[in-house]
Trainee: 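Okay, here's the structure, questions in a sec.
Within every chain, numbering begins at 1; the chains are lettered A, B, ... in the order of the sequence lines, protein sequences first and strands thereafter.
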Amino acid sequence: MVVIGAGQVGSRIVEHLHTDHSVTVVDADADRMRTLTADFDVLTVIGDGASRRTLLEAGVAAADLTITCTQRDEVNIVAALFAKRLSGGLTAVRVSNTEYLEVWRGGDLDFDLMVSPPLETANAVTQLTGVPAARQTDMFADGRVQMVEFDIPADHARDSVVGVPLKEAGLPHDCKVASIIRPDGVIIPRGDDVILPGDRIVVIGSPESARSWSSLVEGRPTIDSVVIIGGGRIGATVAAQLAKNGVNVRVIESRHARAQHVAETLPDVRVLHGDGTNPDFLRRENIGHSDAVVCALPSDAENLMAAALAHTLEVALTIGIVTRASSARLFEQAGVDVALNPRTVTAEEIIRFTRDPRTLAVAFLEDDRAEVLEIEVRPTSPLIDVPFRELPITDSIIGAIIRNGAVIFPHGDDRLAGGDRVVLFTKTLRVESVEEAL
Amino acid sequence: MTVSVRHRRPVRVRRRRRVVDVLGTIGLVGSILRWVSLTLLAPAAVAVYYGESVRPYLISLAIAFAAGYLLERLTPSADEVGIREGFLLVTVAWLAAAAMGALPYLLSANPQLHHPVDAYFESMSGFTTTGASVLTDIEALPKSLLFWRSLTQWLGGMGIVVLAMAILPRLSVGGQQLMDVESPGPEAEKLTPRIAETARRLWILYVALSIAEVTALCAVGYGGLAHGMNLFEATTHTFGTMSTGGFSSRARSVEEFGAEAQWIITAFMLIASLNFALMFRSLRRPALLPRDEETRFFLLLVIVASTIVALEIGSYGRYDVGDAIRHAAFQVASIVSTTGFASTDFALWTPLPLLILIVLMFAGGCSGSTAGAIKAMRVLLLNKVLRRELVLTVHPQAVVPIRLNGRVVNDRTLRAIVGFVLIYVVAFVIGTVLILIDASRGTHPVGAFEAISAAATTLGNVGPGVGFLGPMGSFDPFSTPSKLVMIALMWIGRLEVIPVMIVLSRTYWRP
């Protein structure tokens, strides 16, 4: 296994993997490598990650998995291209620019995993703000598919959803009830099944539908307005994703040109040009009336200040984006509700991938009795081209299909195709047979 | 420190080149004139067919052709058409074309247009697709002259410089600017990398739509559904419709033709006020047109205005429901497209629908259409600018880009649009005041409402106004100075104000 780039992401990956795998690390910074070898049992190669010679020296040709996670997108892509060519093994690539991610989703870049820190951060923020009523939630397919687990309150009145057979229920669009969990077992619901008060349900759908479910189930107000302080790459990505899910988003950015750019690229977002650490400005713009504040300024110190200010203005939920791993605890001590480190989130995503390459993402439910997987369909799968209504009834259900970069929430007439990726709910006992069948 | 210059070369003061290549530009106007004068062969042919005198057209042709030829020969050829030359070329070309168009009126046997200002007014009204007429007895004119009157509109509709560009390769260099100056709307769209090819395609679409309308009108005419409609009437009215001009060869405009023909004309007036470049592109991708923000805004405007007018005139008791809808839709389409046809004498309506029509005179069709006035796109963007001001009052530090069809419109364009609307309104006010001042000295009484409508209708290239200058009336009662003011307004309006202002500004003539 070769890891190119020994920054925060690389180090964290190495930390997790060095005991079970033989890891070679490539980085141009000799000092960094020295600390790395002091802590972990790894081989290091000092050199440019985008150089073919360095890569050969690091043994990329024989690697089962190459992870490229330097700071620079282009270096990562070039290195991964070499690695794919030299070894034919798996490649996981870190990119910041989400445009590359779209290219990859469209099938024009032949890598096995592409992870983007801004996007992973946006997913994490969406999870935090999207469904306050949820017991558990997880994101799939770059944040376009969300799994949510809800408890229906025992005193919930019968309405258009609860107490009505599913096929007649007024469910939100673009979602599927994947499971009804009762003390006596896990039900994969069909049209005749009924959600009852006191049930626990698992829904797979678009983040927007997850929000609708949230207000449907709890009747509790969702987080409808979010202020993002700092319109950099992370701030803008978070803003874009929240706005897409129907949240009212305001972005505060102090550099005028950048503010202009964000305003031009995100039509549904209100962009304010001002200093996010200026209390008067924040008060004048009524930041206190928003439901959540995300602080995404470039420096941790400024971020902490902005987050503390938001806290004093009595914002219900403050989220701080931290760049240094050590800052996270300080943020939480200062009263910031959540400190998110994009690099940690990214590293965790890559580590998850190394455990089972074909399964791109997985969420465990009910003490691991059930799970939601994102998995690729082999071109040889026997389930290909069978209409959904005729698929065998097993203890699993497909909630969403990702085909050529587009998400489909399937109905009875849809069929699977080779190369699709599916988000599916299954009982853990059946995972292996599901993986076999697909 | 001093620098000693031992072998100093004498500085030769070369004769400075002029900032604007006036002579070269006039030469180009000459070539345009020479080519455009050939269109006089068309009314000559009509005259032969109807057994009328061909003399006025052949003499006019000879004069215009010779003048064009002489201008071309007597001036040095222009090196290139720069931005500055472009403005001069277009503004002068329109004056020259109108002068050429006036010749047949002067030479005609019918004396109605024998006063030079009257002839120039009628010709300018034609080329600028205004459709305001000083004639008092339209049907007394020979058929060939009526044909020429309508043809000038058709030529002016798509633009004589664009026409020339499609033919003359010399104009292609720097042609983008020429098209920008002449075509209605904030900026001309290139359909192809070559501007001449773009000009040609726009003309092809224009011709194709015109043929479609002639065919449709002939079909109802010879089908016995439209009283008096024949090939001649179909052609002249198509010229008036597609160019959004509005000259009719009938005294009562299109009133007598009946419902079917009027609905056809309504449809084509609206088509003519859509963006031609967009229409051309939507031939391949039909979804473009209904998705276009300007088109939707324009059609919404038409529907809302028609509904209000229909409700109001329906309450007169004079029209039944079908007639009220038809007359409302026809008049709204006619005014908003700046055509100026009338299916009924709307000058007799109550103030509310009249006021709506006068407001619509300012709106105009879509950019890149043959319609005049401010244009839907500018109205739409101005509305967005004003809404942004409201947002900025509440959030002084908000950054709010303005979008059109999802794309950001840059601030320079927005400033130009706000400036345009302002200058347009100023031109309208000055025009109104001048007409009123002149009217107070004249013999024929001109009311304020009439003066306002006269300025708005000529500046917007619409045609009829209210009162005595209504659709069945005439501009003849105005005094000669008032007519000159209106000629200027038509000219300014057709060129969208700015080019004329630029040519008349001092900075234009300085380096």
Trainee: Around atom CZ of A:Arg72, are there more than 12 heavy atoms from other residues, nucleotides or ligands closer than 6.0 Å?
Mentor: no

Trainee: Using a heavy-atom distance cut-off of less than 4.5 Å, which residues of residues 302-315 of chain A contact chain B?
Mentor: none

Trainee: No hydrogens needed, just list the donor-acceptor pairs between chain A and chain B under 3.5 Å.
Mentor:
from	atom 1	to	atom 2	distance (Å)
A:Ala263	O	B:Arg403	NH2	2.5
A:Glu264	O	B:Arg403	NH1	2.9
A:Glu264	O	B:Arg403	NH2	2.8
A:Val271	O	B:Val399	N	2.6
A:His273	N	B:Gln397	O	2.5
A:His273	O	B:Gln397	NE2	3.4
A:Arg284	NH2	B:Gln397	OE1	3.0
A:Glu285	OE1	B:His395	ND1	2.5

Trainee: Restricting to pairs with a member in residues 357-377 of chain B, which pass ring pair (Phe, Tyr, Trp, His ring centres under 6.0 Å), not counting sequence neighbours?
Mentor: B:Phe362-B:Phe428

Trainee: Ignoring hydrogens, what is the shortest heavy-atom contact between B:Val399 and A:Ala259? Give both atom names and the distance.
Mentor: CG2-CB, 3.8 Å

Trainee: Which pairs count as side chain to side chain donor-acceptor pair (under 3.5 Å) when at least one residue sits in residues 116-125 of chain A, sequence neighbours excluded?
Mentor: A:Asn123-A:Gln241

